[in-house]
S.K.: 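This structure is in structure tokens; I'll ask about it shortly.
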Amino acid sequence: MKLNPAQDEAVRYIAGPCLVLAGAGSGKTRVITNKIAYLVRQCDYSARHIAAVTFTNKAAREMKERVAQTLGKREARGLMVSTFHTLGLEIIRREHKTLGLKAGFSLFDDQDQLALIKELTENELQGDKEKISRLLSTISNWKNDLVLPPRAARLATDPETVLFARCYERYQRHMKAYNALDFDDLILMPTLLLKTNAEARAYWQNKIRYLLVDEYQDTNTSQYELVKLIAGERARFTVVGDDDQSIYSWRGARPQNLVLLKEDYPSLKVIKLQQNYRSRGRILQCANILIANNPHVFEKQLFSEMEYEAPVRVLFAKSEEHEAERVVAEIMGHKFMNASRFGDYAILYRGNHQSRLLEKALMTNRIPYKISGGTSFFSRTEIKDIMAYLRLLVNPDDDNAFLRVVNTPRREIGPTTLEKLGTYANQRGKSLFAASFELGLEQTLTGRGLVAVRAFSDWLVRLGDEAARGNAVEAVRDMIKDIHYEEWLYESSPSPRAAEMRMQNVSTLFKWVSQMLEGSELEEAMTLPQVVTRLTLRDMMERGEDEDDGEQVQLMTLHASKGLEFPFVFMVGMEEGLLPHQSSIDEDNIEEERRLAYVGITRAQQALTFTLCRERRQYGETVRPEPSRFLLELPQQDLDWEHNRKPQSEGERMQKGQAGVASLRAMLNRKT
DNA sequence: GTCCATGGTCTTTTT
DNA sequence: GACCATGGAC
């Protein structure tokens with residue numbers, strides 16, 4: 001297929017900074033992949049000097065594949081396609097000494113983070129969940145705004161923020177002692193480094209000579225800063241974005257970065273892609289009408305030349321179970337009639353928990369499916385255990401990991417022993433591992449406890465050596481054998497069947513680890529520290545192989561669906577409280593929910609079906625939800641309400657919605 | 001030190 | 001209704 005004039009312009013414009021405003025389905029991935037090919041083939045760029053950055057692993061994966069298709073595997077070799085966080089991780093890995101980190105640093109996921117914060121604030125916050133989560137998000141915001149503890153302390157005015165700043169300082173200090181980073185650090189540290197260190201900046205500017213950023217509207221302050229620093233004076237970059245698809249403001253994304261770009265780079269070339277090639281007319285019409293309720297920074301008019309075709313359907317279900325069964329029945333019937341493949345269907349939902357019943361219904365009907373994202377695999381105990389062991393192998397100072405597995409399987413190291421070890425370590429600012437070797441420890445800890453702890457630490461040293469010296473795959477294998485993990489699983493699981501499944505998961509993890517350690521033709525071999533951090537970033541889910549033959553129904557959250565497209569889409573749970581989510585209603589944050597709905601609608605190519613329940617269980621209670629206001633905002637002539645059950649109660653809600661939009665529009669106008 | 005029962009909490013979204 | 005943290009019994 002040929003590129004249209006706007007797309008072609010976006011591909012060929014390489015003289016300076018370039019912003020592509022790409023509506024949904026306007027072929028932005030095509031533009032990015034073609035541009036990479038153009039840079040390599042026509043402009044003498046080597047693929048290893050080009051980096052493309054996206055936000056989700058799924059999007060990165062997809063783009064990698066598309067580029068490999070366009071360019072061929074050989075020419076695409078060395079091309080960096082990753083998420084922002086993985087890019088940050090790579091920068092940190094190379095510069096870790098300058099940053100004062102030991103090789104093999106740990107990456108804390110949010111659960112590790114939470115555990116640490118809880119412990120550090122025991123005195124002040126006493127486990128107050130609300131406060132703790134406010135503290136976490138405050139720290140995250142500081143980091144996203146490139147604010148370090150000293151400045152946070154200076155900026156703080158009210159008592160709570162003063163307290164939070166103190167906690168932030170303490171948190172950072174402990175992270176350093178553990179030789180650990182959190183997700184936000186993966187952006188913060190590279191940014192600060194490139195800002196202050198000319199040598200590192202020169203290296204990375206030379207390494208990345210052309211930068212492409214997808215989903216630019218999702219960048220936060222530090223990410224945008226990082227883009228500017230990598231692009232440097234030459235400003236050879238292309239960013240692609242769409243303010244209507246900004247759905248990550250809750251994690252600091254600032255769609256205003258689209259506007260800032262024009263201010264920071266007056267020579268910025270702005271190209272709009274407005275022709276939609278994805279969705280049939282009615283679907284696009286629905287999307288356009290819905291999003292027209294939001295204020296806009298850039299005016300954009302999406303049009304399509306595709307046929308108008310069948311209306312968008314709205315199906316009712318008695319209950320959640322019924323909803324899942326109906327969707328599955330619809331898919332089976334439709335597939336039979338259309339000779340399509342299961343992989344052509346996607347079921348999209350607001351929250352991960354909604355996948356449960358859908359999975360169940362799919363399973364009972366023996367329909368293959370694939371769940372993207374979600375944390376299920378990595379939140380399993382057995383996986384967390386093994387991950388903790390791997391982290392310890394690479395970084396024995398990682399106290400979180402140490403505590404998790406020091407007595408799993410049982411090693412007769414109980415709370416009393418750990419308490420003593422902990423106090424001793426704390427007084428000296430050492431990690432538990434480091435403290436366990438000290439002679440002074442013998443003052444407080446004696447007998448069996450001491451012996452057991454030292455035996456554990458010694459074992460760690462031995463294994464860590466083995467892993468570092470040579471055969472990491474063997475070391476990991478030995479580790480799992482040494483700890484008799486399989487036996488432990490049979491001991492600790494409710495049934496042999498469960499133990500078997502858990503062991504299966506451990507094997508899967510081990511398989512991934514060995515694959516990553518050994519590399520493949522598409523992926524370079526990694527070191528064990530790399531593997532462990534990458535695994536924490538969930539950077540390797542769905543790496544090929546698990547026979548993706550297009551015969552699996554796709555299940556994912558609306559967030560995870562961004563950037564993807566499917567012939568037939570089901571959006572389930574179209575109810576007030578779910579979409580828009582209750583918390584967004586409470587916080588008057590409807591616009592982002594509307595964009596979320598917009599993202600979902602615009603995933604569909606040929607057919608779109610909404611479903612909602614008359615009754616839904618919530619905390620064990622049965623509630624009767626209202627249909628989502630978004631259904632009422634859609635052009636009703638394009639909608640087919642099942643049994644003509646279109647609800648009547650529009651007036652009041654519409655009025656409220658309009659008022660909200662108007663005030664925000666006024667706000668935006670003031671800003672621009 | 002380990003195991004099981006009870007009760008309280010919870011469901012946004014991702015790296 | 002499911003999951004986890006806590007506490008009491010052994």
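Throughout, protein chains are lettered first and strands after them, A, B, ... in sequence-line order, and every chain is numbered starting at 1.
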S.K.: Looking at dT14(B), I'd like to know if its phosphate oxygens (OP1 or OP2) sit under 4.0 Å from a side-chain N or O belonging to N352(A).
M.R.: yes
S.K.: Determine the contact category for R617(A): base if any of its heavy atoms lies under 4.0 Å from a base atom, sugar-phosphate if only primed atoms, P, OP1 or OP2 are that close, otherwise nothing.
M.R.: sugar-phosphate
S.K.: Taking atom CG of L509(A) and atom CG of L390(A), what is their separation to the nearest 0.5 Å?
M.R.: 6.5 Å
S.K.: For F84(A), run the ring-ring contact (aromatic ring centres under 6.0 Å, His included) check against F183(A), Y248(A), F55(A) and tell me which one passes.
M.R.: F55(A)
S.K.: Round to a whole Å and report the spacing from CG of L186(A) to P of dT14(B).
M.R.: 18 Å
S.K.: Does a side-chain N or O of T536(A) approach OP1 or OP2 of dT15(B) to a distance below 4.0 Å, or not?
M.R.: no
S.K.: Within the structure shown, what part of the strands sits under 4.0 Å from T56(A) by heavy-atom distance: base, sugar-phosphate, or nothing?
M.R.: sugar-phosphate
S.K.: Among dT12(B), dC10(B), dT15(B), which nucleotide sits nearest the side chain of E593(A)?
M.R.: dT12(B)
S.K.: Using whole Å, report how far CD of Q618(A) lies from P of dC10(B).
M.R.: 14 Å
S.K.: Report which part of the nucleic acid R356(A) touches: base, sugar-phosphate, or nothing (heavy-atom distance under 4.0 Å, all strands).
M.R.: sugar-phosphate
S.K.: Expressed as a whole number of Å, how far does the P atom of dC4(C) sit from that of dT13(B)?
M.R.: 15 Å
S.K.: Would you say a side-chain N or O of N57(A) is under 4.0 Å from OP1 or OP2 of dT14(B)?
M.R.: no
S.K.: With rounding to whole Å, what would you report as the distance between dT6(C) and dT11(B) at their P atoms?
M.R.: 16 Å
S.K.: Should the ring pair H96(A) and F105(A) be called parallel, tilted or perpendicular, given that the plane angle runs from 0 to 90° and is split at 30 and 60?
M.R.: tilted
